[in-house]
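In what follows, chains are A, B, ... by sequence order, proteins preceding strands, each numbered from 1.
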Protein chains: 2
Amino acid sequence: MEADGENTDDRVRMWAPVGQAVALLLGPYAEVVLHDPDTDRILAIWNSIGARGPGDPSLLGELDALDPSARDVFGPYEKVLADGRRLSSVSAVLRGPDRKAAAVLCVNLDRTPLEQAAAVLSAFGAPTTPRPEPLFEQDWTERVQHIVGTYVRECGRPLERLTRADRLAVLARLNEAKIFAVRRATPVVTAALRVSRSTLYGLLAELRAPSTKDNT
Amino acid sequence: MEADGENTDDRVRMWAPVGQAVALLLGPYAEVVLHDPDTDRILAIWNSIGARGPGDPSLLGELDALDPSARDVFGPYEKVLADGRRLSSVSAVLRGPDRKAAAVLCVNLDRTPLEQAAAVLSAFGAPTTPRPEPLFEQDWTERVQHIVGTYVRECGRPLERLTRADRLAVLARLNEAKIFAVRRATPVVTAALRVSRSTLYGLLAELRAPSTKDNT
DNA sequence: ATGTGTTTGGACTATACGTCCAAACTGGAT
DNA sequence: ATCCAGTTTGGACGTATAGTCCAAACACAT
């Protein structure tokens, strides 16, 4: 309810009811933000999760890709806050009569309370067996493809054009996911990353010892 | 409420209020059963999940190990019904003044509704990324211990006394769980199963080729 | 004791893992 | 084009792990 008063922009007058209604419906755990894509600042905000207010910068990297040819609704995608809360977010590009992007509406839903509730429910009468079967979340080889694919999508570059640092980053994720604790994983990774065995091990060595790269 | 009337056994008179109270508290999804460990039949039952009634056989393999030196409360452990419902069960050995096991009380809680609710909650506002990280459900080495431990508990024999067929069965489960796709898994398994490397590989070979054991 | 079936240590082979390095390659700067 | 720094690559090499094999030791019932 920080978005009323007399200062109001036309765009705020136009879309504020929407934001307010959504904020009311989704209760205290959903933040609704109206962004100005030109100045990259917040026009209005309801149920602010952080301490952000109107006029603050948007901090939305996602808004870079405001391609008018693309879809106007994005998400839901996941964000993780510094304090660990997990948000589900959707964004909508709002256009005026001239078809120009006039504002961007974002809804950020804090999933943590829901996840906690789910955890409580499924822990009720907890059995000794957490779950019978698979050690692997599906097939680890698909997991590799997925991690690589995700990274490629994130940075836009098409795999062949990945920089050394990119590959390093991907390897860090694969390593994080304990991929290399699996037997015969290396050939799969070299294939997925399109590098040779040598390069793979070189990069991995670098991951373990980030010191031995510069000076002295 | 099938456990009143005039036919009643002393034991039923003694423990029926407990069973009934628990059944009432836990609502329609918890079944409470009072077993006779001697005849292996049902003495009384509340909220019967199947079509079982008093006098029916207990079908409880778990009751074999009625060792008076051991603990009197078992579980919670998991059972899976033919129709796929997952139950959490606890059992208690009830003793009379002579310290002899007079009856066994089992509570079977149907977890499916809870799990469904949990699934609904955690799907709310579902993000595109199902979950970022770990390939392994925690630590695979604990997984081995757990699988072995579960088997031991199931058949009652204390690991050293496992038969060859038992070890074969455990290995089948470990194999099922793709444990051997993990690097350096064999030493962990041999340790957990208390067999030598040779035996391990021998049994594994047998798993792959069940034909090359008998005749022709 | 005797025999059958199983387990075991250890020798041995085959792969997979990881390191190393000289040669080839890449994308600029001259 | 030439040169250079950084990077990638194939392949040689050494080590570790994965499997195989077998004779001797063991367990246990007859």
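Contact annotation: B:Thr199 side-chain N/O to C:dT7 OP1/OP2 distance is not under 4.0 Å.
The shortest distance between side-chain heavy atoms of B:Glu206 and B:Leu168 falls below 4.5 Å.
The CZ-P distance, from A:Arg167 to D:dT7, rounds to 12 Å in whole Å. If you take CG of B:Asp166 and C1' of C:dT7, they are 16 Å apart, rounded to a whole angstrom. Distance B:Arg194 CZ to C:dT8 P: 12 Å, rounded to the nearest Å. Atom CG of B:Leu168 and atom P of C:dG5 are 16 Å apart (whole Å). Straight-line distance from the CG atom of B:Leu193 to the C1' atom of C:dT6: 14 Å, rounded to whole Å. Computed from coordinates, the B:Glu160 CD to D:dC28 P distance equals 13 Å when rounded to whole Å.
Remark: A:Arg161 does not engage A:Asp166 in a salt bridge, criterion side-chain N to carboxylate O under 4.0 Å.
When the side chain to side chain contact (heavy atoms under 4.5 Å, CB included) test is applied to A:Arg183, the partners found at least two apart in sequence or on another chain are B:Arg183. For A:Val144, the side chain to side chain contact (heavy atoms under 4.5 Å, CB included) partners are A:Trp140, A:Val148, A:Leu174, A:Ile179, A:Val188, A:Val189, A:Ala192, not counting sequence neighbours.
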Please list, pair by pair, any protein nitrogen or oxygen found under 3.5 Å from a nitrogen or oxygen in nucleotides 17-22 of chain C.
| residue | atom | partner | partner atom | Å |
| --- | --- | --- | --- | --- |
| C:dC17 | OP1 | A:Arg184 | N | 2.9 |
| C:dC17 | OP2 | A:Thr186 | OG1 | 3.2 |
| C:dC17 | O3' | B:Arg183 | NH2 | 2.8 |
| C:dG18 | OP1 | B:Arg183 | NH1 | 3.4 |
| C:dG18 | OP1 | B:Arg183 | NH2 | 3.1 |
| C:dG18 | OP2 | B:Arg183 | NH1 | 3.3 |
| C:dG18 | N7 | A:Arg197 | NH1 | 3.3 |
| C:dG18 | O6 | A:Arg197 | NH2 | 2.9 |

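Of the candidates C:dT8, D:dT8, C:dT6, D:dT8 carries the atom nearest the A:Arg164 side chain, counting heavy atoms from C-beta on.
When all heavy atoms are compared, the tightest approach of A:Asn47 to A:Glu31 is O-CB, 3.5 Å. The two residues B:Trp46 and B:Ala16 come nearest to each other via the heavy atoms CZ2-O, 3.6 Å.
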